[in-house]
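Taking it in order: structure first as structure tokens, then the write-up.
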Amino acid sequence: MKQHLTHIPRTRLLIGLIIALGAMFTVRLFYLQVVQHDYYEKQAELEHTTKFTIPATRGLIYALDGADKYAPLVLNEPVYTVYADPTYVKDEPKVADVMRRVAGGNTVANFEDGLKNKDTRYAVLARQVSKAQADLITKENLDGVGVQPQTKRVYPEDQLASQTLGFVNGEGKGQYGIEQALNNDLAGKDGALRAVTDVHGIPISVGANSVQVAPQNGKNVVLTIDRNVQSKAEQILKTGLDRAKATKGSILVMDPNSGHILAIANLPTYNPNDFGKVEDYTVFSSRAVDDPYEPGSVIKALTMATGLDQGIIQPTTTYNNTGTVKIEDAVIRNVLTSPTGAITMTQVLQYSFNTGAVQVLQWLGGGQINTNGKQKLYDYFTQHFMFGQPTKVDLAGEPNGEIIPPDDPQGGNVRYANMSFGQGMSATMLQVLTAFGAAINGGVYYSPQIIDGYLGDDGKAFTPKSSVIKKSGVISQDASAKLRQMLHDAREGSSASAGEKGGYFIGGKTGTAQVYDPKTGNYSSTDTIGSYVGFGGKDKPQYVIMIRVDDAHNGGYSGSAAAAPIFTELSNWMLDYLQIQPKG
Amino acid sequence: MSQTYSFTLPRQEARQALRRNQNTVRFKMPISLGPVSHTVLIALMLAVLGLVYLTQITKTSTFGYQLNDLSTKKDQLASENSDLQVETARLQALERVQQSNVAKALTTPAQTDYANTN
């Protein structure tokens with residue numbers, strides 16, 4: 001049988017192969033360009049475009065400079081970080097030489113080791129170099145060396161109000177003070193730019209795929225702090241502590257008619273430009289705001305305010321001062337332990353008789369210390385004067401303080417007798433001064449305010465922040481007027497008024513608090529904290545000031561010997577600064 | 001008896017009447033383009049279009065560089081502005097002012113008189 005092979009011409013075979021190949025390419029191209037279109041488009045976009053972060057500028061902080069001017073307390077300064085990619089560095093000795101010569105004080109420790117480390121692509125050689133230094137380094141055209149722009153927080157007034165301001169750490173986060181409390185407002189929000197770039201990473205066009213989100217710069221904050229008052233308070237505190245042979249102290253100045261804080265001074269202090277050099281971290285805290293203590297006899301002014309508002313005492317109401325009073329198993333003594341007989345409430349403030357404050361507590365209970373009297377004092381302290389809760393001022397680290405309620409096992413009669421003259425409770429200077437301001441301004445509790453408003457990017461448009469009245473009728477206006485007069489008369493009759501300018505309406509109260517000694521579990525027999533709280537003005541209080549001196553060693557009672565003279569000196573200066581004309 | 005007349009132009013005359021205002025003479029180019037010329041022309045047109053496209057793309061890139069340059073200059077000026085602000089603030093710092101010769105030469109007035117503003 002003869003077999004017939006089917007003959008396929010070579011041309012047709014070739015055509016068939018070409019068609020088959022063409023079909024394969026078509027299918028493959030269809031798969032790549034149509035089916036996988038999105039995937040490859042994304043890949044190409046990723047390769048051609050780069051995402052840049054546009055950093056937001058941190059908001060500036062200003063202080064008042066007189067009535068209607070602002071002075072910068074915190075600014076941003078452009079600085080540069082010098083880095084190297086060691087794999088590209090060709091001349092290590094030259095790089096090291098340039099770094100030592102140009103950025104000597106800013107080089108990081110052992111930067112030469114970083115240059116030699118070929119395992120890394122990024123080695124920091126110097127930090128926070130100035131623009132002039134960065135320009136010099138760039139001009140050297142060193143292979144593998146670059147500069148990165150950054151900003152550094154600058155405090156041009158150095159240590160002025162440092163604890164109120166705080167600082168910004170290496171991660172760009174605010175620490176302590178305003179920088180921490182308002183970190184989110186100050187930091188703003190970074191923007192972003194996604195754009196096609198050239199081989200050097202420079203954005204070359206803004207196409208349809210380019211996205212630019214503008215950064216939201218941080219808010220520029222104007223504080224209620226007046227830099228002149230702040231500076232004077234710091235100077236006077238320094239001389240006052242030197243005079244009292246003390247090392248620790250604070251001053252707080254407020255406007256009682258708005259709650260605006262005009263100055264917060266604390267010693268010892270630090271320079272926020274060099275916060276990294278500080279060894280004792282406690283200096284970062286603003287003790288006037290975040291350190292509760294037993295304020296002592298300055299609280300008698302508020303006990304009197306309670307009695308006046310309740311109508312159980314008048315400035316001339318008398319009691320029989322026996323020098324001591326026995327509460328359960330405890331004996332409460334005055335500084336002057338001898339009996340004096342009939343003493344008015346104004347004299348209680350003048351001579352700071354503990355027994356007089358305890359007497360008011362007894363009258364609140366109808367003649368004895370009981371639950372009713374204790375509850376009234378507790379209500380006034382916590383619901384009227386707002387002790388035991390933060391004032392919510394815009395500063396970091398504010399504590400509650402402590403007022404023990406009468407139904408607490410610790411809230412016994414002895415505790416409340418002590419509380420009537422400021423022992424057995426704790427409060428910050430800010431809490432005490434705000435409450436004092438409310439008691440003498442007619443009975444309006446203004447929440448203490450550190451932010452005066454916000455300044456626009458142009459440095460001109462100002463948005464003020466309103467004062468907040470937390471409670472009206474803290475005490476009646478009549479009770480408030482009587483208390484002012486009592487504090488004025490008590491001051492005039494005591495040594496605290498020595499050196500005071502005449503023709504003004506000044507009042508105040510001393511306090512020398514015993515300090516709890518954790519070693520003995522009792523009050524120290526040697527250490528005290530001296531305080532003074534007072535007001536000044538022509539006819540009505542225009543400022544309130546509180547002084548605290550922790551470790552006075554100049555003899556006498558630290559409230560009158562150490563704190564009161566500081567108040568007088570600052571009060572005299574305030575009268576001139578505020579241009580208050582004397583009476584008559 | 002009435003009569004109805006219909007008037008119709010012959011087709012050729014009617015066409016000419018419609019084209020009365022048009023040239024009736026047809027010119028024919030003596031040279032005709034062949035397929036090669038067409039291809040060359042199309043290639044040239046494509047090349048011109050390509051050049052136009054490239055010019056536009058380059059222009060966009062050039063604008064991108066200009067934009068980048070301007071942005072860099074803006075940053076530099078902002079940086080210099082910040083430097084100057086810091087320098088001004090340092091020079092006007094209270095402690096520096098207090099240490100100045102002018103401030104040191106100031107004296108406390110012996111007496112203060114108040115103008116009666118009432």
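In what follows, chains are A, B, ... by sequence order, proteins preceding strands, each numbered from 1. All values reported here derive from a predicted model rather than from experimental measurement.
In this structure, chain B has a heavy atom under 4.5 Å from the side chain of A:Q235, while its backbone stays farther away.
Between chain B and the residues A:P78, A:P582, A:S231, the most heavy-atom pairs under 4.5 angstrom are made by A:P78. For chain A, the option among B:D83, B:T88, B:L91 with the highest count of heavy-atom pairs below 4.5 Å is B:D83.
Of all heavy-atom pairs between B:S82 and A:N76, the closest is CB-O, 3.6 Å. Closest non-hydrogen pair, A:N228 versus B:L94, comes out as OD1-CD2, 3.9 Å. In terms of heavy-atom proximity, B:Q92 sits nearest to A:R227 at O-NH1, 3.2 Å. Taking both residues in full, the closest heavy atoms of A:E157 and B:E95 are given as OE1-N, 4.4 Å, listed atom of the first, atom of the second, then distance.
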Candidate pair B:Q85 and A:L60, rule side-chain contact (heavy atoms from CB on, under 4.5 Å), full reasoning: CA-CA 11 Å; B:Q85 272 187 10; A:L60 309 182; 4.2 Å; yes
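The side-chain hydrogen bond (donor to acceptor under 3.5 Å, both in side chains) analysis of residues 34-46 of chain B, with sequence neighbours excluded, yields no pairs.
Atom NZ of A:K583 has more than 12 heavy atoms from other residues, nucleotides or ligands within 6.0 Å.
With rounding to the nearest 0.5 Å, the separation of CG in A:D158 from CZ in B:R96 is 10.5 Å.
Residue-level contacts of residues 263-275 of chain A with chain B do not occur; threshold 4.5 Å between heavy atoms.
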